[in-house]
Structure formats: structure tokens, C-alpha cells
There are 2 protein chains.
Amino acid sequence: MTKLTSEQKQLIEKIGIYHEQQGFPPATGRIIGLLYVSDRPHLSFEEIIDTLNISKSAASNALNLLLQMRLIEYITFPGDRKRYFGALLENWHEEVISKMDYILAFSKLLRKTNELRGSANPDMNEKVLERIEFLEFLSREVPALLDKWLKERKK
Amino acid sequence: MTKLTSEQKQLIEKIGIYHEQQGFPPATGRIIGLLYVSDRPHLSFEEIIDTLNISKSAASNALNLLLQMRLIEYITFPGDRKRYFGALLENWHEEVISKMDYILAFSKLLRKTNELRGSANPDMNEKVLERIEFLEFLSREVPALLDKWLKERKK
DNA sequence: AATTTAGTTCTCAAAATTATAAACCAAAGA
DNA sequence: TCTTTGGTTTATAATTTTGAGAACTAAATT
């Protein structure tokens, strides 16, 4: 079992809190934190529950959630029944894209409010429309920016 | 009290759910929804609790939260003790900026993970760095994009 | 002075979330 | 076949969140 320094522990908690604020359960956030902080790229189920002092079921649920969201992965070794879990470091591209989809969905709701209000309040329609159009703009531009940035960087 | 159509009610719920997912309590999300859906730009405390069927305390807490976050405002009229609450439609600019600050704070945590890991896992450092740099890039570019977009639009 | 109004605050209960502990299960090893 | 391992699932308990209802307060009205 990996013994953590207090600095590592603190950072895990901070990353945990960040993820809680993004809607993850606490234990789940801590697991992400651990997988980012750990020197070793992959940790076993047992190592995770021992270093974080969480129950098997909390770990099982959290790991399955994170696997399903494609935020972590696991690797295996021949002749070893354990799975070794690690952060999936390449998937943040998709995360960015899907966050933009979310924003776009909200802008559609805003559009609908303008529709339903009709012409009862033109000033409001206009202000809401400004926000709608920026959200649409953003959800177009950010993925484009990402592509451009990646191409730029790979050279 | 404003009587809502079922279409309006549905849209309020959807906007409510969106805001719940952003971390707001349900009643708070519904109030935002109502203030966006309503034909009238400002509604009284009483109108809000009557149309949404929520308690005074839920409304009081939600409204104060939203006021404090500068997502709503209220206006008053001479000789009328009531406050009339409405969505604050101009403040989404600041919201965008502060969301970027949040992202930047997370990138700082990621940077710290790279530091703590040291050179134990260079491949991981590199992949994490890529993400860090994109997050930094984004938190620089998005406000710039917003400025540009606003100037472009005002003409 | 007594009452109404426009909320606020407090107490408490319901509901939802999260995690623990223990039972369970399938595969592997002895 | 019996046991161990690596989890998963199933109660169940603890904690947190949320909101209702009633009591309260300060200003305004009668």
C-alpha cells in the first residue's frame, strides 16, 4: 500500500473537492485525486481502498462510475486476477466537447423562453438572445479552438 | 397570481433541472425558470410562491441566494412595500469570466500533481501538461473571445 | 394601539446521498 | 473439493440537503 505524504493527501482532497463541485460523490473525487497524485500510473483496487481508507463498496461504485464516464481505465497482467486502475489522460478532449453540447442544450431552453414569451417583453427577448447567441458561438468556437490548438501543439 | 400553461410549466422544470445540475437547490432552479419564462419581467414574492407552490422559507432562501449570486435583481415602486424580482440578464458576462477562473484554479491543481510526481512518470507529466496548457489557453481565450464577440455585435 | 403586510428565521421532518459492513459469487489455486 | 482472491451486491446506517410550517419581526396601515 502506497503511503502518502501530507502534501499528497492535501492535494487529493483539493482535487476531490473540485470534483464534488462538479457533481461527483466525495469518494469518487478522492479516487481521481489519488490516481493523479500517485507516482505509480496504476493502482489496484486494494491499494486504492487501503490508501484512501474507503470501503470496498464505495470503491467499487466509484470505480465503475469513473470507468463508465471514461475518466479512468484499468490494465491487467497475465496470470494476475487484479485490475490496475489509472487516470485516462487522453479523454479530456471529449469532455470539452460534451460540455459544449451541454451549453448548447441550455441555449435551446433559453430560445424556448423567448418563444413562449412572444413579444410581451422585447427588451428581455433581446438580452436573452444575446446570451443565446454567445452560447452558440462558444459551443462552436471552443471545439474549433481545441482542434487548432492541438494541431499547433503537435508540431 | 400568474397561471401557467403546461408548456410554461414544463420549460420551468427543464430550466430547473439544468440549474440543479449546476448545483442549485431544486426550488432555486425553478425560480430562475419562472423568471425566464414569465411574460412579466418582475414578479412579487407572493406571486412566486403561489405560482410555483413553494413555501415562503424556500422562496426566501432561494431568492437571497440568487440575489447574492447576482443572477436576479429586484425593483421597487414608491408606496409599495413589495419587492419585484426579475432575472438579471446582463450578468452572464461575469459568469463566463468566473467560470474560467474556476477552470484555471483546477489547472493549478493539475500542475501541482505534476510537481509532486516529479519525474517518476514522464509520459503522465506530459499528458497532464497538455491538458493544463489547454485549460490555461481556454481561460485566456474565452474572455478574449467574449470581448471580441461583444464589440462585433454592438455595431 | 391593534392589525396587516412582506418577508425572515427557526424547528423539524422528509427525502436524497453516500458510505460501511457483511454476505455473496465466480474464478483461481492448493 | 476446499480455500483464497478480487471484487460486487445488498441491506442498512449516517450525513446532508431541502423544504414545509409556524413563530417572529419591522414597517406600514387602520
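Below, chain A is the first sequence line, B the second, and so on; all start at residue 1.
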J.: Taking the side chain as everything from C-beta on, heavy atoms only, tell me whether B:Leu67 gets closer than 4.5 Å to B:Phe85.
T.: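 Answer yes - side chains close enough.
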
J.: Is any N or O donor-acceptor pair between the side chain of A:Lys56 and the base of D:dG7 shorter than 3.5 Å?
T.: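 Such a pair exists between side chain and base.
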
J.: Is it true that a side-chain atom of B:Ser38 and a backbone atom of B:Leu34 form a donor plus acceptor pair closer than 3.5 Å?
T.: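 Between the backbone of B:Leu34 and the side chain of B:Ser38 there is no qualifying donor-acceptor contact (under 3.5 Å).
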
J.: Decide, yes or no, whether a salt bridge links B:Lys82 with B:Glu47 under the criterion of side-chain N to carboxylate O below 4.0 Å.
T.: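 Salt bridge: no.
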
J.: Is the distance between the ring centroids of B:His42 and B:Tyr84 less than 6.0 Å?
T.: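 B:His42 vs B:Tyr84: aromatic centres not under 6.0 Å.
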
J.: Answer yes or no: does atom CD of B:Glu126 have more than 12 heavy-atom neighbours from other residues, nucleotides or ligands under 6.0 Å?
T.: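 12 or below, so no.
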
J.: In whole Å, what is the span from the NZ atom of B:Lys82 to the C1' atom of D:dA26?
T.: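 Roughly 17 Å, once rounded to whole Å.
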
J.: Between the side-chain atoms of B:Ser57 and the base atoms of D:dG21, is any donor-acceptor pair under 3.5 Å?
T.: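 Side chain to base: pair present.
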
J.: Do the non-hydrogen side-chain atoms of A:Ile15 and A:His19 ever get within less than 4.5 Å of each other?
T.: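 Of all side-chain heavy-atom pairs linking A:His19 with A:Ile15, at least one is under 4.5 Å.
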
J.: For A:Gly79 and for A:Ser55, find the nucleotide of DNA chain C with the closest heavy atom, then tell me which residue's nucleotide is more 5'.
T.: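 Nearest nucleotide further toward 5': that of A:Ser55.
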
J.: Expressed in angstrom and rounded to an integer, what is the separation of A:Phe24 atom CZ from D:dT16 atom P?
T.: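 So the CZ-P distance, A:Phe24 to D:dT16, works out to 21 Å.
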
J.: What residues from residues 58-78 of chain B pass a heavy-atom cutoff of under 4.0 Å to DNA chain C?
T.: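 B:Ser60, B:Asn64, in order of number.
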
J.: Output the rounded distance in Å from CD1 (B:Ile49) to P (D:dA20).
T.: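 The answer, rounded to whole Å, is 10 Å.
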
J.: Please evaluate residues B:Lys148 and A:Glu141 with respect to the criterion salt bridge (Lys or Arg N to Asp or Glu O under 4.0 Å), reporting the C-alpha separation (whole Å), side-chain torsions for both, the decisive distance (0.1 Å), and the verdict.
T.: CA-CA 13 Å; B:Lys148 207 184 97 193; A:Glu141 285 303 310; over 6 Å; no

J.: Would you kindly give the CD1-to-P distance between B:Ile54 and D:dT17, to the nearest whole Å?
T.: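 It is 20 Å, rounded to the nearest whole Å.
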
J.: Which nucleotide span of DNA chain C, 5' end to 3' end, has atoms closer than 4.0 Å to non-hydrogen atoms of chain A?
T.: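 Here the contact window of chain A covers C:dT18 to C:dA28.
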
J.: Distance check needed: D:dT18 C1' versus B:Leu52 CG, whole Å only.
T.: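 Between C1' of D:dT18 and CG of B:Leu52: 15 Å.
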
J.: Report, as yes or no, whether the 6.0 Å neighbourhood of atom CD on B:Gln22 holds more than 12 heavy atoms from other residues, nucleotides or ligands.
T.: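 Count over threshold, so yes.
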
J.: Counting distance only, does the side-chain N/O of B:Thr113 pair as donor-acceptor with the main-chain N or O of B:Leu110 below 3.5 Å?
T.: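 Yes, because the side chain of B:Thr113 sits within donor-acceptor range (under 3.5 Å) of the backbone of B:Leu110.
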
J.: OP1 or OP2 of D:dT8 versus the side-chain N and O atoms of A:Arg83: is any pair under 4.0 Å?
T.: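 Indeed, a polar side-chain atom of A:Arg83 lies that close.
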
